[in-house]
Enquirer: 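I am attaching a structure below and will ask some questions about it afterwards.
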Amino acid sequence: MKITVQSIHFTADHKLLDFIQKKVDKLDQFFDQIISGEVYLKLENVDDEANKISEVKLIVPGVTMFAKEQCKTFEEATDLAIESLRKQITKHKDKTRIKLSEHKAILSTDEVSDY
């Protein structure tokens, strides 16, 4: 899967980029049809310590999934965003399976009624 990482208002080091790539690659275990992904890392100018924002967008056939988290570190924010996307992927797969099984049931009843 192709991942692009954009850091806004700072330059991300290679350790952080490798960490993000490794975490996003794990999503392939749950759904192998992910086309690409985009990760945006932002520093927000606030007095709060939790000023690091990680936004992750995944392109899946028919759907675009998005998660945004704000934490003290980019690693923590990325972990939470990936977990949110994992839940979205699982939900999407369940919906797809239900629709597919309904179509198969309709097709099988139509074939029986034709004869």
Enquirer: Carefully, step by step, assess N45 and N51 under the rule side-chain contact (heavy atoms from CB on, under 4.5 Å).
Expert: CA-CA 7 Å; N45 291 331; N51 65 342; over 6 Å; no
Enquirer: Side-chain heavy atoms nearer than 4.5 Å, only ILVMFWY residues, links allowed to pass through others: does that put F74 and Y40 together?
Expert: no
Enquirer: May I have all residue pairs that pass salt bridge (Lys or Arg N to Asp or Glu O under 4.0 Å) and include part of residues 80-101, sequence neighbours excluded?
Expert: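 Residue pairs passing salt bridge (Lys or Arg N to Asp or Glu O under 4.0 Å), neighbours aside: E83-R86, D94-R97.
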Enquirer: F30: what forms a ring-ring contact (aromatic ring centres under 6.0 Å, His included) with it, not counting sequence neighbours?
Expert: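 Checked F30 against ring-ring contact (aromatic ring centres under 6.0 Å, His included); zero matches.
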Enquirer: Do any pairs count as a salt bridge (Lys or Arg N to Asp or Glu O under 4.0 Å) and have a residue in residues 27-41, sequence neighbours left out, and if so which ones?
Expert: E38-K57
Enquirer: Could you pull out all residues at least two apart from D48 that satisfy side-chain contact (heavy atoms from CB on, under 4.5 Å)?
Expert: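 For D48, the residues satisfying side-chain contact (heavy atoms from CB on, under 4.5 Å) (neighbours in sequence not counted) are V46, A50.
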Enquirer: Go through it in stages, so that I can follow the logic: the residues are K52 and L43, the test is side-chain contact (heavy atoms from CB on, under 4.5 Å), and I'd like the CA-CA distance, side-chain angles, deciding distance and then a yes or no.
Expert: CA-CA 5 Å; K52 288 147 181 88; L43 275 174; 3.7 Å; yes
Enquirer: Using side-chain contact (heavy atoms from CB on, under 4.5 Å), reason through V60 and H92 one step at a time and then give a plain yes or no.
Expert: CA-CA 10 Å; V60 179; H92 174 70; 4.1 Å; yes
Enquirer: Please check: side-chain N/O of Q88 versus main-chain N/O of F66, any donor-acceptor pairing under 3.5 Å?
Expert: yes
Enquirer: Report, one line per pair, each donor and acceptor closer than 3.5 Å where one atom sits in a side chain of residues 1-20; sequence neighbours left out.
Expert:
unit_1	atom_1	unit_2	atom_2	d
S7	OG	F10	O	3.0
D13	OD1	L16	N	3.3

Enquirer: Using every non-hydrogen atom in the two residues, find where A77 and S54 come nearest and quote the distance to one decimal.
Expert: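 Shortest heavy-atom separation between A77 and S54 comes out as CB-CB, 3.6 Å.
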Enquirer: Which ILVMFWY residues can you reach from I59 by hopping between side chains whose heavy atoms are under 4.5 Å apart?
Expert: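 Result for I59 is I35.
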Enquirer: Taking side chain as C-beta onward, heavy atoms only, is V24 less than 4.5 Å from I34?
Expert: no
